[in-house]
Amino acid sequence: MYDKEKGLYIAHCENGNLTISGKMANRHGLIAGATGTGKTVSLQVLAESFAQAGVPCFLADMKGDLSGIAKAGALSGFIEKRLKEFGIDKPDFQACPVRFFDVFGQQGHPMRSTISQMGPQLLSRLLGLNETQDGVLNIVFRIADEKGLLLIDIKDLRAMLDYVSKHSKEYTTKYGNISSQTIGAIQRAILQLENQGADKFFAEPSFDIYDLLQQENGKGVLNVLATDKLMLQPKLYSTFLLWLLSELYSTLPEVGDLDMPKFVFFFDEAHTLFEDTSKALIDKIEQVIRLIRSKGVGIYFITQSPTDIPENILAQLGNRIQHALRAFTPKEQKAVKTVADTFRANPNFNTQEVIMNLEIGEALVSFLDEKGSPNVVEKAKILFPLSQIGAISEGERNDIIKASRIYGKYDKTIDRESAFEVLMESDNAVTTSNTTITKEKEEKTSSKKQQAGLGSKIVKAIITAVTGTLATLLGTIISDKVTGKKNKSKTSATGKVVKNATSAATRTITRELTRDILGNLTKK
């Protein structure tokens, strides 16, 4: 609940109201507690308080319960009992401006990114690649940049991997070994990602991060992401939210410390972000969390236990709401002690014991003061939300989606020319060129064979004519020897025979040439 006098009023303890300082709200925060202890209501109270103060927020909706934030709440017996305790006479139940989103485009506006925007580091985590495969993926991105090829969707990435595999020898000297086995492993990982529905996420139009930073009637818009299906693939869910954080970090300008944050990002099921995550990526997450506050962005993690979050990151979460933790084993008791030690101790109670005995809706609360120091931890009751607790109907959700200013902006995908089309066109050109060269070679070979055949025919015709001439001459000589007669016209006869033989050879050659020429004309 927010008003000018009380500020961001979140909880109430014996010493009075507990509020978050607007100037310290971008110092990040944590909502933790076991299942069923009231984390979702605390998240709803925080989000609607920021919205009432004009601060847009992003929050993930695991079970559909948070959709009720779009509808005004109503007085109940439970709320009525706490009115006096909270110092509220007549609660002003009200809805918050909400936009619904869904990576799969079923329960809200689609949210998409391109392969290039995701980048090799996040994509490697999403695909679960090892160090070698991660190195090859980085090479693929570098080659795509050098060739000016856009990597928009999964088919672009597949085409690029195929290209690099075929031309691996050209790049081995420059970038290192690129084995076909490694390319194959990456292709298999992409197939698994496609089966999870990620092919719907990698497309255009890609999401404009400024569509999250909107106000309506002076209130900040609450951007609610439906994650009931997305959570079935925890790595896809956490990588997607990490991509959103990275986009905010890289896009927003530096604004320094403001009276109120510019944007608040709630990261539910935060433990998924750090499971099976390389140290290099955790270091990057830590850097983003540390620096993004100067851009007016506050990040609030929601998880079961603070121990789910690395210590270096946990130390940066200044505003904390800790619901009950259950500790039945020595390991769980040790975890509770660790959590208790992260608070600034209150001399009036034992923090470790209180954590294990909190009721639903109760929490240990410690917010930063105006100077940025953590206040002494207090046992408090979280305020009730002014919006509806529980989900709205499907019809109400659809009405809100259709009434949104961005309705239709992301509904239809665009498939423009990118790496896949360029490489396919290049392959077709090479294939056509190879076909032309092969055809020309075949035609040259055929021509040579034809010429060789014609030459052979001419030689045969000459040999036949000469052989006939010699036979005639020899027959004449033998006849003269036998009869003993001198043929006065021998020379004349011989000349005639040679002349006839030559004419015969000429006629034969002419016939053969004519046949070949006519044959070629017929073929053409």
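Quick caveat, the model's predicted, so the values are computed rather than measured. Side chains are part of it too, since the values below use all heavy atoms of this structure and drop only hydrogens, waters and symmetry mates.
Using a 4.5 Å heavy-atom threshold, the side chains of S246 and L122 count as touching. You'll find the side chain of N223 stays beyond 4.5 Å of the side chain of C57, heavy atoms only. For the pair Q52/L386, a side-chain contact is recorded, criterion being any heavy-atom separation below 4.5 Å from C-beta on. In this structure, T303 and E269 have side chains that are not in contact, with every pair of non-hydrogen atoms separated by 4.5 Å or more. With contacts defined as side-chain heavy-atom distances shorter than 4.5 Å, the pair Q214/P56 does not qualify. The side-chain heavy atoms of F263 and L248, taken from C-beta on, include a pair separated by under 4.5 Å. For the pair Y300 and L317, the minimum side-chain heavy-atom distance is 4.5 Å or more. Within the 4.5 Å cutoff, the side chain of L252 has heavy atoms near those of the V297 side chain.
Between Q352 and N350, the side chains place no donor N or O within less than 3.5 Å of an acceptor N or O (distance only, hydrogens not considered). Checking T307 against S305 by side-chain atom types alone, a donor-acceptor pair falls below 3.5 Å. A donor and an acceptor atom, one from each side chain of Q94 and K71, are nowhere located under 3.5 Å apart.
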Determine, stepwise, if the pair H109 / F101 fulfils ring-ring contact (aromatic ring centres under 6.0 Å, His included). CA-CA 4 Å; H109 307 293; F101 293 94; 5.6 Å; yes

Could you go step by step and tell me if D65 and T40 meet the side-chain hydrogen bond (donor to acceptor under 3.5 Å, both in side chains) rule? CA-CA 8 Å; D65 294 349; T40 301; 5.3 Å; no

Kindly indicate, with the supporting measurements, whether the criterion salt bridge (Lys or Arg N to Asp or Glu O under 4.0 Å) is fulfilled by D211 and R405. CA-CA 10 Å; D211 280 336; R405 293 178 184 175; over 6 Å; no

Residues T239, R125; criterion side-chain hydrogen bond (donor to acceptor under 3.5 Å, both in side chains); working and verdict: CA-CA 8 Å; T239 306; R125 179 185 187 273; 2.7 Å; yes

Going through the distances and angles, do E275 and T272 end up as a side-chain hydrogen bond (donor to acceptor under 3.5 Å, both in side chains)? CA-CA 5 Å; E275 290 177 348; T272 60; over 6 Å; no

Residues D283, K279; criterion salt bridge (Lys or Arg N to Asp or Glu O under 4.0 Å); working and verdict: CA-CA 6 Å; D283 290 342; K279 185 180 182 304; 3.1 Å; yes

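Atom CZ of R158 is surrounded by more than 12 heavy atoms from other residues, nucleotides or ligands within 6.0 Å. No more than 12 heavy-atom neighbours from other residues, nucleotides or ligands sit within 6.0 angstrom of CD on E311. Within 6.0 Å of NZ on K200 lie no more than 12 heavy atoms contributed by other residues, nucleotides or ligands. Atom CD of Q187 has more than 12 neighbouring heavy atoms from other residues, nucleotides or ligands inside a 6.0 Å radius. Heavy-atom contacts from other residues, nucleotides or ligands closer than 6.0 Å to CD of Q333 number more than 12. Heavy-atom contacts from other residues, nucleotides or ligands closer than 6.0 Å to CD of E254 number more than 12.
Electrostatic pairing of E332 and R326 does not count as a salt bridge here, judged by no charged N lying under 4.0 Å from a carboxylate O. Electrostatic pairing of R416 and E204 counts as a salt bridge here, judged by a charged N lying under 4.0 Å from a carboxylate O. Using a 4.0 Å cut-off between charged side-chain N and carboxylate O, D102 and K229 make no salt bridge. Between K337 and D341 there is a salt bridge, with a side-chain nitrogen of the basic residue lying less than 4.0 Å from a carboxylate oxygen of the acidic one. Looking at R27 and D257, a side-chain N of the basic residue comes within less than 4.0 Å of a carboxylate O on the acidic one, giving a salt bridge.
Taking CD of E80 as the reference point, atom CG of L83 lies at 6.5 Å (rounded to 0.5 Å). One finds the CE atom of M111 at 5.0 Å from the CZ atom of F58 (value rounded to the nearest 0.5 Å). To the nearest 0.5 Å, atoms CG (N398) and CD (Q107) are separated by 9.5 Å. Rounding to the nearest 0.5 Å gives a distance of 3.5 Å between OG of S124 and CG of D134. For the atom pair CG of L151 and CG of L161, the computed distance is 9.0 Å after rounding to the nearest 0.5 Å. For the atom pair OG1 (T227) and CE (M62), the distance works out to 4.0 Å, reported to the nearest 0.5 Å.
Note on ring orientation: taking the six-membered ring where Trp is involved, the planes of F267 and F265 are tilted (angle from 30° to 60°). Using a 30° and 60° split on the angle between ring planes, F301 and F274 fall in the tilted class, from 30° to 60°. Taking the six-membered ring where tryptophan is involved, the planes of H12 and F86 are perpendicular, since the angle between them exceeds 60° and thus also 30°. F201 and F240 have perpendicular rings, their planes meeting at more than 60° on a 0 to 90° scale where under 30° would count as parallel.
Cation-pi geometry between R397 and F100 is met: the NZ or CZ atom falls under 6.0 Å from the ring centre, inside 45° of the normal.
Nearest heavy atoms, M118 versus L123: CG-N, 3.9 Å. Annotation for A47 and L222: closest pair O-CD2, 3.6 Å, computed over non-hydrogen atoms. Y210 and P253 get closest at one heavy-atom pair: OH-CD, 4.1 Å. Residues A60 and L66 come closest through the heavy atom pair O-CD1, 3.4 Å. Considering every non-hydrogen atom in both V98 and I400, the closest pair reads O-CG2, 3.5 Å. Shown here for E194 and D199, the closest heavy-atom pair between the two residues is O-OD1, 3.6 Å.
Legend: salt bridge (charged side-chain N to carboxylate O under 4.0 Å, His left out) pairs involving residues 365-393, not counting sequence neighbours, sorted by first then second residue: E85-K381.
In this structure, the side chain of S49 engages the main chain of M1 through a donor-acceptor pair within 3.5 Å. Side-chain N or O atoms of N26 include none that pairs as donor or acceptor with a backbone N or O of G296 at under 3.5 Å.
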